[in-house]
Amino acid sequence: MKKILFAASEAIPFIKTGGLADVTGSLPKYFDRKKYDVRIILPKYLCMDERFKGQLHFKCHFYVNLSWRKQYAGIFEAKQDGITYYFVDNEFYFAGDKPYNELYQDIEKFAYFSKAILEALPFLDFCPDIIHCHDWQTGLIPVFLKTLYGDENYYRGIRIVFSIHNLKFQGRWSLPAVMDITGLPEQIFTADKLESYGEANYLKGGIVYADAVTTVSETYAREITTEQGGEGLDGLLRARKNDLYGILNGLDYEEYDPQKDGYIYNHFNEQNFQEGKKLNKARLQKELGLPVKENTMLIGIVSRMTSQKGFDLVAYIMDELLATEDVQLAVLGTGEDQYQDMFRYFAQKYPDKIQATIGYSEERAHRIYASCDAFLMPSLFEPCGLSQLMSLRYGTVPIVRETGGLKDTVEAYNEYEHTGTGFSFANYNAHEMLGTIRYAISVFRDRKKDWNGLIQRGMKQDFSWNRSAGKYEALYEKLTDFE
């Protein structure tokens with residue numbers, strides 16, 4: 001039995017701000033439990049839902065020396081879906097009404113979290129063969145392990161897998177401040193280790209000191225080794241290319257299942273989707289206050305409203321699209337003010353064509369995935385993306401830009417060979433996107449047989465975690481030289 005410890009700043013169902021939580025909370029359930037004991041360690045945030053706090057049981061406490069600071073650490077434990085979760089308790093760091101604060105606060109918070117995890121291991125009676133770290137918040141775990149703990153027998157055999165979910169977020173802060181916070185030796189704050197463009201960089205530390213580096217799709221693994229996609233770390237990632245693996249994220253097919261999803265109006269599958277989606281669409285249109293029109297294409301958007309997600313393109317063509325096409329939009333999300341205001345403006349200007357919910361609702365999100373005809377995701381870059389996987393699962397045809405995981409998961413429609421699962425465009429160009437949307441509308445309107453074929457092929461795709469978990473298992477075996 002091999003022991004794997006996932007270290008992350010969030011995981012469903014306990015705490016979630018984005019797709020990272022879906023991955024870290026879902027993936028461990030899919031490993032072969034006869035061969036792998038996979039556990040998860042998280043911060044014990046004060047803002048965690050009260051219903052989860054009641055499930056936590058105190059396990060132990062100790063003190064963490066973080067440079068000149070000495071900080072309390074409590075460890076709590078809970079079981080969820082047969083998986084053991086540990087929680088690091090320290091109200092000085094993990095209080096507040098949200099998991100993340102200002103970056104200068106998070107830099108110290110996650111330095112503490114990283115060191116507390118390593119200090120906790122002897123108290124847990126769980127010495128992992130592999131610590132699987134996720135994103136910059138855990139980037140110091142391999143750094144601390146290799147520089148401060150590597151000579152101790154207890155820690156000597158531990159291997160590190162470091163997963164990059166989004167290279168853009170790196171945990172960069174001033175060198176003197178990070179030296180003071182961490183107490184790490186001065187000689188590792190150099191250009192070949194933790195220093196990056198005059199700052200300390202937690203993500204870079206994770207990449208440098210990990211035994212293997214993974215990211216969340218094969219195309220994104222290639223893109224981050226280029227100057228255009230490398231966010232300043234492309235040279236390092238090229239140097240580590242023999243240890244860099246692209247493993248596509250999966251989707252929890254139990255949670256996202258159109259045959260039993262408790263959030264949606266009518267259940268359906270790939271055989272009876274025509275009637276099921278028709279009923280869901282009419283109900284969603286009514287709920288949103290849009291005219292109930294079966295033959296008007298309803299396009300969904302569920303997203304963080306940031307420039308990464310391609311909303312510059314959407315803003316540029318929105319007037320032209322809504323003024324000239326028989327189309328409706330159901331929008332859900334929150335983010336930058338300029339994009340929130342843009343959607344509010346167009347919802348007022350075209351009340352019969354667009355409804356925008358600024359905020360987030362899990363129920364509304366599921367209904368958009370299940371009820372819309374198409375799903376728009378024109379990202380500037382997209383490490384993997386889960387929304388297109390959800391839309392495929394629910395028979396909602398994705399319209400995407402060919403980047404990262406979107407390129408790996410959506411096969412472009414070919415009208416001559418009658419193949420594909422969605423529509424895609426290559427360049428980050430607003431009118432190329434508009435042309436693709438118009439093409440999709442024409443297929444929806446004039447070629448119902450082809451459209452239904454797109455839906456059916458999409459619903460038959462298997463992007464469950466089973467395949468991805470198998471690839472992680474193979475990587476774990478390689479790192480630990482399993483017999």
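Numbering starts at 1 and runs along the sequence shown.
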Item to check | Tyr86 vs Phe76 side-chain heavy atoms within contact, under 4.5 Å | outcome: no
Checklist entry - Can we call the ring centroids of Trp465 and Tyr253 under 6.0 Å apart? => result no
Next on the checklist: Do Pro13 and Gln80 have side chains that approach each other closer than 4.5 Å (heavy atoms only, starting at C-beta)?
Outcome noted: yes
Next on the checklist: Looking at Lys35 and Glu473, is there a salt bridge between them, counting it only when a charged N and a carboxylate O are closer than 4.0 Å?
Outcome noted: no
Checklist entry - Do Arg39 and Ile83 come close enough that some side-chain heavy atom pair is under 4.5 Å? => result no
Checklist entry - With Glu275, which residues qualify under side chain to side chain contact (heavy atoms under 4.5 Å, CB included), at least two apart? => result Lys278, Leu279
Next on the checklist: Please check this pair: side chain of Arg283 against backbone of Tyr265, looking for a donor-acceptor N/O pair closer than 3.5 Å.
Outcome noted: no
Checklist entry - Quick check: are there more than 12 heavy atoms from other residues, nucleotides or ligands sitting under 6.0 Å from NZ of Lys448? => result yes
Item to check | Arg393: which of Asp257, Asp261, Asp462 passes salt bridge (Lys or Arg N to Asp or Glu O under 4.0 Å) | outcome: Asp257
Checklist entry - Would you find more than 12 non-hydrogen atoms of other residues, nucleotides or ligands less than 6.0 Å from Glu415 atom CD? => result yes
Checklist entry - Does Arg304 come within less than 4.0 Å of Glu336, counting only side-chain N to carboxylate O? => result no
Checklist entry - Hey, does Tyr202 have a side-chain heavy atom less than 4.5 Å from the side chain of Ile107? => result yes
Item to check | Pairwise distance CG(Asp22) to CG(Asp252) - rounded to 0.5 angstrom | outcome: 8.5 Å
Checklist entry - Hey, what do you get for CD (Glu363) to OH (Tyr263), rounding to the nearest 0.5 Å? => result 7.0 Å
Item to check | Donor-acceptor contact below 3.5 Å, side chain Tyr197 vs main chain Gly232 | outcome: yes
Item to check | Short side-chain donor-acceptor distance under 3.5 Å, Thr334 and Gln340 | outcome: yes
Next on the checklist: Just so I know, are the side chains of Leu237 and Ile207 near enough to count as touching, which here means a heavy-atom distance under 4.5 Å?
Outcome noted: yes
Checklist outcome for this item: Sorted by chain and residue number, the side chain to side chain donor-acceptor pair (under 3.5 Å) partners of Glu231 (sequence neighbours excluded) come out as none
Checklist entry - Are Phe110 and Tyr93 close enough that their ring centers fall under 6.0 Å? => result no
Checklist entry - Is there a donor-acceptor contact under 3.5 Å from the side chain of Ser217 to the main chain of Pro383? => result yes
Checklist entry - Hey, what's the ring geometry for His132 with Tyr476, parallel, tilted or perpendicular (30° and 60° as the breaks)? => result perpendicular
Checklist outcome for this item: To the nearest 0.5 Å, atom OH of Tyr45 lies from atom CZ of Phe52 at 14.5 Å
Next on the checklist: Taking the ring of Phe268 and the ring of Phe273, is the distance between their centroids below 6.0 Å?
Outcome noted: no
Item to check | Thr225 side chain reached by Leu244 side chain, heavy atoms, under 4.5 Å | outcome: yes
Checklist entry - Is a side-chain donor or acceptor of Asp135 paired with a backbone partner of Gln137 at a separation under 3.5 angstrom? => result no
Item to check | Name of the residue among Leu140, Leu42, Ile141 meeting side chain to side chain contact (heavy atoms under 4.5 Å, CB included) with Ile117 | outcome: Ile141
Item to check | Donor-acceptor contact below 3.5 Å, side chain Glu10 vs main chain Thr17 | outcome: yes
Item to check | Over 12 non-hydrogen atoms of neighbours within 6.0 angstrom of OH in Tyr316 | outcome: no
Item to check | Ring centers of Phe6, His134 separated by less than 6.0 Å | outcome: yes
